[in-house]
Amino acid sequence: MKILIVDDERMICEWLQFCIGQNPDCQLTGCAHNGEQALALFQENEPDVVFTDIKMPVMGGLELLKRIKEISPETVVVLLTAFAEFDLAREAIRQGGDDYLLKTEMNHQSFKEVLERLKKRVTKHEVSKGGAETESTGRQHSIIGDILREGRTLGEEDVKKLRECNIRWRDEGLFAVAVWKKEVLEEFILPENPEVHHVVGFEYDKLTYVIVGNLERDRTELQKIQLLHEYGTAIVQKNHCMAGISTVTGSLAHVADAIIEAACSLSRGYYMEKEKVWLAEMAGSEIRSLVKCWESGYRKTRRELYEVSGQEFYQTMEAVLDHAKQEGVFPVCMFAAFCCDAMEMAYMRFAGEDAKLMHHMLLEEKRAVSESVSYAESCKKVTEFIRNALAYQEMDERNLSKGVAAAVDYVRHHYSEPISLESVSRAVHLNTEYLSRIFKEETGCTYSTFLSETRLQKAAYLLSHTPERVQKIAESVGYPNVSYFSTTFKKRYGVNPYEYRRGEEKDAGNHGNV
């Protein structure tokens, strides 16, 4: 079997050359350090298998994969990747790559097994995707994740599938460590420890990556706990991140308990926002029971949010956010999903005439919240969006007369238009002087102040949350003259709109609603 190696790290190349040289059935046809060199060697030597890194100078691995498959679709292309390029590896599989190997999990024995599998594929011409007798490494990771994410006690069939995927976990000293997936995608370093074995990682959910392995045999329970804490601490220190660790279990059948414990421990870091090792405080079985209660509670709250007023909507969300912070263990993906649902409900129920204007904001804020690993950041985005959608809905309208409430509502829906007190008076069928007097008595501010505050707060939000040009924002909130808008904005916030967008705001403490 003829093999071509492509990697810009010379140490990786030398190690692969050594491993291939130990196998008499394999012939190394060349070694390149970028895709362009590799393509020339490929066309010259026509190898059966190409091992290629993903990120390289001149031409990267994905482009090389595309060019090779155009020339020779039957050639087996295996992507070599670190944790930092895990998503790129999956994309390569979708684009026709035959397999991928995680550099962090390769050793001499595992690579020898990879070569044995590839020899069978090449010999039998089973080189099309999915045509191998055994599962590819990419497919193996998918199977592992599917089994372990279900969070149940593993049966004999589950264990058998894991063994078929080359998982060598044993019934002693099993542990799990959870980190944020975004950390794994940024040059993640897995510490080497001679007392930690059989380490395998997989995506637990959209935000979380879990590492599972065994601790050294013949250790006391206390020594195992100390060893796991040291391992978690090394991960935190090397990667400047937070990590959640499980308890240590002695049963492979209960490995899912360790995984959910680690993920739940990491959730505490989300709410507390400290880069440290977070220890498991609840057993996996207890966490699963609580998750069911949380799901039920969130469903009930969702129903309530469909029925309450604007003021109650905001208060309910504040209570949910505070409760999640106090509990500190709600699964982050569940919490983020609820927050996104709440923002969408606020948009649907209260945006009114601003629906078109706010739709882009909704999409951006939902994306940001669903990807955030910071409670404070998510909380700020959720409350700001809902407050903006409500405009002045948080004003206690129960104390407003029917006429003033109608006037307030009219301003909320028409503030972008050149509306005067006279036009509002006509719309709500009240005398202008009378409306002016009772409006100030009931709201605490004049009509013109209320209109200006409405427009400026909307403008401030747009400046902070959209890339729209200042002139377009000014027009969208009712200021056709951008110079007048800038002057008025500076009087309110202490800086002009351009400075505000750059974060040079001077009057941060004076943004409350009227």
For the [atom1] atom of [X] and the [atom2] atom of [Y], what is their distance to the nearest 0.5 Å?
| X | Y | atom1 | atom2 | value |
| --- | --- | --- | --- | --- |
| L228 | S246 | CG | OG | 5.5 Å |
| Y375 | E273 | OH | CD | 9.5 Å |
| L362 | R367 | CG | CZ | 12.0 Å |
| M242 | K276 | CE | NZ | 10.0 Å |
| R469 | L462 | CZ | CG | 14.0 Å |
| L227 | L215 | CG | CG | 5.0 Å |

query: Among Y479, Y500, Y498, which residue meets the side chain to side chain contact (heavy atoms under 4.5 Å, CB included) test with F489?
result: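 Of Y479, Y500, Y498, side chain to side chain contact (heavy atoms under 4.5 Å, CB included) with F489 is met by Y500 alone.
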query: Do I245 and V277 pass the side-chain contact (heavy atoms from CB on, under 4.5 Å) test, and can you show the C-alpha distance, the side-chain angles, and the key distance before you say yes or no?
result: CA-CA 7 Å; I245 61 175; V277 176; 3.7 Å; yes
[X] to [Y] - nearest heavy-atom pair and separation:
| X | Y | answer |
| --- | --- | --- |
| T52 | G61 | OG1-CA, 4.0 Å |
| Y231 | V196 | CD1-CG2, 3.8 Å |
| E172 | N214 | O-ND2, 2.7 Å |
| E365 | K381 | OE1-NZ, 3.9 Å |
| E46 | Q43 | CG-O, 4.2 Å |
| E261 | G284 | OE2-N, 3.0 Å |

message: For a side-chain contact (heavy atoms from CB on, under 4.5 Å) check, start with the C-alpha distance between W15 and R10, then their side-chain angles and the critical distance, and finish with the verdict.
response: CA-CA 9 Å; W15 184 80; R10 295 187 181 276; over 6 Å; no
Assess, by modelled atom type and distance only, whether the side chains of [X] and [Y] contain a donor and an acceptor separated by less than 3.5 Å.
| X | Y | result |
| --- | --- | --- |
| R170 | H198 | no |
| E74 | S72 | yes |
| Y270 | S378 | yes |

field: CA sep, side-chain torsions, deciding dist, call: E371, K182, salt bridge (Lys or Arg N to Asp or Glu O under 4.0 Å)
entry: CA-CA 9 Å; E371 294 177 359; K182 78 180 191 69; over 6 Å; no
If only atom types and distance count, is the side chain of [X] paired as donor or acceptor with the main-chain N or O of [Y] below 3.5 Å?
| X | Y | value |
| --- | --- | --- |
| R67 | G35 | no |
| N496 | S486 | no |
| S372 | V369 | no |
| Q237 | A234 | no |
| Y209 | G201 | yes |
| T383 | C379 | yes |
| Y204 | L148 | no |
| N45 | P47 | no |
| R268 | G328 | no |
| N34 | M56 | no |

Counting C-beta onward and ignoring hydrogens, is there a side-chain heavy-atom pair between [X] and [Y] closer than 4.5 Å?
| X | Y | result |
| --- | --- | --- |
| F111 | I20 | yes |
| V332 | D205 | no |
| L64 | F42 | no |
| V199 | V212 | no |
| I3 | T29 | no |
| T153 | D257 | no |
| P331 | V291 | yes |
| E275 | C241 | no |

Lys/Arg-Asp/Glu bridge criterion (N-O < 4.0 Å) met for D8, K55: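 No, no charged N to carboxylate O under 4.0 Å.
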R117/E113 ion pair, N-O < 4.0 Å: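 No salt bridge links R117 with E113.
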- request: Would you please indicate yes or no on a ring centroid separation below 6.0 angstrom for F335 and F330?
  value: no
With a cut-off of 6.0 Å (strictly less than), are more than 12 heavy atoms of other residues, nucleotides or ligands near [atom1] of [X]?
| X | atom1 | answer |
| --- | --- | --- |
| E475 | CD | yes |
| K161 | NZ | no |
| E70 | CD | yes |

- request: Before giving the answer on side-chain contact (heavy atoms from CB on, under 4.5 Å), spell out for I260 and R288 the whole-Å C-alpha distance, their side-chain angles and the decisive distance to 0.1 Å.
  value: CA-CA 8 Å; I260 197 171; R288 282 195 291 274; 3.6 Å; yes
task: Apply side-chain contact (heavy atoms from CB on, under 4.5 Å) to I473 and R501, showing your working.
output: CA-CA 12 Å; I473 290 175; R501 170 166 275 172; 3.5 Å; yes
query: Taking the inter-plane angle between the rings of H465 and Y461 on a 0 to 90° scale, is it parallel (under 30°), tilted (30 to 60°) or perpendicular (over 60°)?
result: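 Answer is parallel, since the angle falls under 30°.
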